[in-house]
Number of protein chains: 2
Amino acid sequence: MTWSEVPAAPKYSRLTPEQRQAALIAAGLACLARGGILEFTIDNICREAGVSRGLITHHFGSKDGLMVAIYRSMYHRLHQGIEAPTPEAPPGARLRAMVETIFAPELFSREELNIWLALWGEIVNNPALKREHRRQYARYLRNLEAVLAEVVAARGLVLEVRPLAQMVIALVDGLGLERCIEPRLLSPRAARDICLSTLEAVLGPLDGRK
Amino acid sequence: MTWSEVPAAPKYSRLTPEQRQAALIAAGLACLARGGILEFTIDNICREAGVSRGLITHHFGSKDGLMVAIYRSMYHRLHQGIEAPTPEAPPGARLRAMVETIFAPELFSREELNIWLALWGEIVNNPALKREHRRQYARYLRNLEAVLAEVVAARGLVLEVRPLAQMVIALVDGLGLERCIEPRLLSPRAARDICLSTLEAVLGPLDGRK
DNA sequence: CTGACTACTATACAATCATTCAACAATGAG
DNA sequence: CTCATTGTTGAATGATTGTATAGTAGTCAG
């Protein structure tokens with residue numbers, strides 16, 4: 001039989017757990033970006049990843065497990081950008097750099113923001129996601145407070161840092177919401193400028209370029 | 001036959017379309033507040049309203065129709081609070097009054113905010129909802145811009161009003177997001193104070209009590 | 001009391017949901 | 001080459017999704 005000599009093509013590629021998990025996370029992100037939480041279904045994600053339905057349970061235990069991993073990956077990128085070490089720069093410049101990073105087009109894109117928005121709506125209603133949020137948000141808040149405390153100290157201002165950090169986070173998220181819903185009305189640069197000028201009104205001029 | 005003399009209890013009460021629609025909107029709001037968009041299902045809503053499954057289609061055409069009506073009702077309450085006439089008050093006091101209204105406990109409650117959050121996540125992905133949002137948001141923005149323009153003019157500031165209004169909206173929504181997710185970390189009063197002190201940093205002290 | 005209108009119920013429907021599980025097959029160790 | 005490991009498939013499951021539709025029954029005009 002001649003056909004038996006033709007080596008059969010592999011029916012699927014076998015990846016390491018880390019590789020496959022990364023692929024599933026990417027597929028989940030794509031679904032969230034495309035259609036929000038209602039498009040975040042096992043079928044959609046697995047179709048997007050080119051994979052059969054059983055794999056999410058196998059690698060993440062459940063759909064919730066994947067959602068938590070996805071939320072963690074979103075914050076991971078944010079932390080990476082924000083925690084970039086610029087130790088010797090003056091506090092004002094470091095704060096400015098953090099803001100510039102947050103509003104950079106690759107983090108402040110509509111797809112990215114649609115993912116955040118979809119997940120925000122589930123935090124309150126999903127215990128596992130809420131737990132993950134607590135950890136990531138605490139780290140985010142800590143980073144912001146540290147920089148703000150330095151600025152406040154360097155200028156001898158009398159301001160509580162916690163409400164200041166909450167204000168910044170609210171501003172960032174709120175501008176993200178506005179841009180996500182109506183990108184035409186708010187470019188990443190415009191959003192960044194709004195955030196920076198508000199900060200300067202509160203803290204005084206931030207040094208740094210321009 | 002004795003039983004025929006007992007008048008049968010009505011199997012259901014028949015309401016006017018306006019009454020029934022209001023009841024269904026209330027039931028939908030309850031579902032959104034309780035579990036976000038994933039709990040916003042025909043079955044849940046009709047069970048909440050004590051009504052059979054067909055009524056939503058009958059009164060609103062579809063589930064989307066009800067969702068649009070619900071979103072409109074949310075903005076309706078906001079507009080009502082904000083557009084309260086205080087014509088003779090100075091601009092600063094009027095701006096302060098608007099902020100006080102927005103952050104009042106009955107509008108800035110966790111249930112209320114969970115509804116906003118759930119709907120925000122669907123605006124981008126639902127054309128009908130997006131259309132309704134455009135109308136309501138425009139009105140909201142217009143109201144804010146009007147008051148801000150008066151404050152800016154009265155004080156001779158050189159500030160663009162549009163970005164200013166976008167900043168305020170972002171701040172309000174972002175603070176709402178933070179409070180919804182973690183009510184313990186941000187009371188309505190604390191959120192209001194953050195908003196007011198930010199505004200004063202930008203515009204100068206707002207007159208009015210306290 | 002009678003009839004018309006229509007709010008309302010209740011079922012049926014096909015599609016889709018998340019999860020389970022037995023069997024398969026790609027891969028590396030030996 | 002051979003075998004054990006385990007990443008992966010694919011079908012089955014039962015629950016739930018939104019909507020369509022036929023029929024029921026509450027209510028009011030006459």
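In what follows, every chain begins at residue 1, and chains take the letters A, B, ... in the order their sequences are listed.
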Which nucleotide in the set D:dT8, C:dT6, D:dT19 lies at the smallest distance from any side-chain heavy atom of B:Ile42?
D:dT19
Could you check how far CG of A:Asn44 sits from C1' of C:dC17, rounded to whole Å?
11 Å
Would you say the rings of A:Trp116 and A:Phe108 are close, in the sense that their centroids are separated by under 6.0 Å?
no
B:Thr57 side chain: which of D:dA20, C:dT19, D:dG7 is closest?
D:dA20
With a 4.5 Å limit on heavy-atom distance, are the side chains of A:Glu132 and A:Tyr75 in contact?
no
For A:Ser62, which contact category applies under a 4.0 Å heavy-atom criterion: base, sugar-phosphate, or nothing?
sugar-phosphate
Please tell me which of the listed nucleotides, C:dA7, C:dA18, D:dG7, lies nearest to the side chain of A:His59?
D:dG7
Out of curiosity, A:Asn114 CG to A:Glu39 CD, how far, rounded to the nearest 0.5 Å?
11.0 Å
Matching residue for B:Arg94 among B:Glu88, B:Glu150, B:Glu100 - test: salt bridge (Lys or Arg N to Asp or Glu O under 4.0 Å)
B:Glu150
A:Leu55 has an atom CG; how far is it from atom C1' of C:dT19, in whole Å?
14 Å
Could you check whether B:Leu15 gets within reach of a base, just the sugar-phosphate, or nothing at all, counting any heavy atom under 4.0 Å?
sugar-phosphate
Could you state the atom-to-atom distance from CG of A:Leu66 to P of C:dT19 in whole Å?
11 Å
Hey, what do you get for CE (B:Met98) to CD (B:Glu83), rounding to the nearest 0.5 Å?
8.5 Å
Considering every strand and a 4.0 Å limit on heavy-atom distances, what is the contact class for B:Arg53: base, sugar-phosphate, or nothing?
base
Counting primed atoms plus P, OP1 and OP2 as sugar-phosphate and everything else as base, spell out the protein contacts along nucleotides 22-30 of chain D at 4.0 Å heavy-atom distance: B, S or - for each nucleotide, 5' to 3'.
---BBS---
Of the candidates C:dA18, D:dT9, C:dA7, the side chain of A:Lys63 sits closest to C:dA18
